[in-house]
Amino acid sequence: MIAQDVLQNSSAVINVDLNAIINNYQILSGRSSSADCAAVVKANAYGMGLEHVASAIFHNTKCKIFFVANLKEAVALRSSIKDAIIYVFNGLFPDQIECYLDHNIRPVLNDLSQIKMWQGKAEPCAIHFDTGINRLGLSDQQTEQFLNSETNLNLALILSHLIASDLPDDADNKIQLNKFKKITDALPDVPASLCNSAGIYLGKDYHFNLLRPGIMLYGGNPRALALPQGIKPVFEIMGKILQIRHLETGSSVGYNALWTAKKPSRIALINVGYADGYLKLNDNRGLVFVCDQIVAVIGKVSMDMIAIDITGHEFDKLMPEDEVELIGKNITLEMASEVSTLGHYELLTSVRDRVYRNYKLEADT
Ligand SMILES: *Cc1c(COP(=O)(O)O)cnc(C)c1O
């Protein structure tokens, strides 16, 4: 019997709680009584799986607007949700125009030449005005030029992006807000959007007409402060023990013998490695949770496995196939972030497709 479960259980598993994502959307959208709330689902919904995540949000909340980074993600999203409004942050290349139109996808136009390409079309678009990030968007000079020229666009949204929304006291927030206000004043009839997740918590001056949260939908925390009230963790990543070994004092583990047993030791090999997104920053540093204990990753992270130190009687009952928690209730995102130096954005988006994504979605009762 080749049950689906047998195959799924051969890899590490990420359990994604879609109800928690829906909950987080409600919390974030509830921060504003006037602004609408979109969902940012770029990078495979921050590693959680685009199709399942976007469908859960679309069908269980009032969210109708989604943002992705590129056209490939947009077309994938369109094939699973026919009626969503989909914007693409990364803008427009000339050879993409037809594809945008065919799939009813809206470009975020990032400079005057992209605006020119969309000129005269009835289909909606957005424009990104750069208010300080010096990434995508119209520069000050281009903004000036745009505001002083005649355009023939169906402009459905204008947006800008904050550079320091994770730092509530940073002076750049106010500077960008004031710059963006000048632009929205010049375009009073066009809906405007400034806030990512952390921006939502800067207060209602920042909300305008549309919120654009990403990371907090997925329970990630962009700020050094505690996660806001009501935002729930969304996922856990579980590995499985492949093998248990006894080591003599002086034996080493893994490539380049990065770890050596100082006493007779027992180790377990776990079915997750850097090819699953468990990165080398965890060499001799990572933590996992098993038998109610926090346990150290020892030696180098390999492509397909890690080793953990399970010396001690509390681990006597452990056997191959037993589960260990890599991220979850016990090894929280905060802890995983601290030991690896990776931010929550990186921890989420580094989960690779070899990790089986298992979804929970319970109907409202
Ligand atoms: C990724 C992104 C967002 C979402 O940001 P979070 O910090 O994940 O909430 C919003 N706007 C733009 C332009 C982005 O690139």
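Read the numbers this way: they start at 1 and go in the same order the structure lists the ligands and their atoms. Numbers here are sequence positions counted from 1.
- In this structure, His344 has no ring-ring contact (aromatic ring centres under 6.0 Å, His included) partners at least two apart in sequence or on a different chain.
- Between Asn104 atom CG and Ile86 atom CD1 the span is 8.0 Å, to the nearest 0.5 Å.
- Legend: salt bridge (charged side-chain N to carboxylate O under 4.0 Å, His left out) pairs involving residues 208-236, not counting sequence neighbours: none detected.
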Using the ring pair (Phe, Tyr, Trp, His ring centres under 6.0 Å) rule, take Phe89 and Phe67 through it: C-alpha gap first, then chi angles, then the decisive distance, then the call.
CA-CA 7 Å; Phe89 283 134; Phe67 289 89; 4.9 Å; yes
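- Checked against salt bridge (Lys or Arg N to Asp or Glu O under 4.0 Å), Arg245 has no partners two or more places apart in sequence or in another chain.
- For a heavy-atom separation below 4.0 Å, the residues in contact with ligand 1 are Val40, Lys42, Tyr46, Phe89, Arg135, His161, Asn196, Ser197, Arg212, Pro213, Gly214, Ile215, Tyr345.
- Both tests pass for Lys64 against the ring of Phe58: distance under 6.0 Å to the centre and angle within 45° of the axis.
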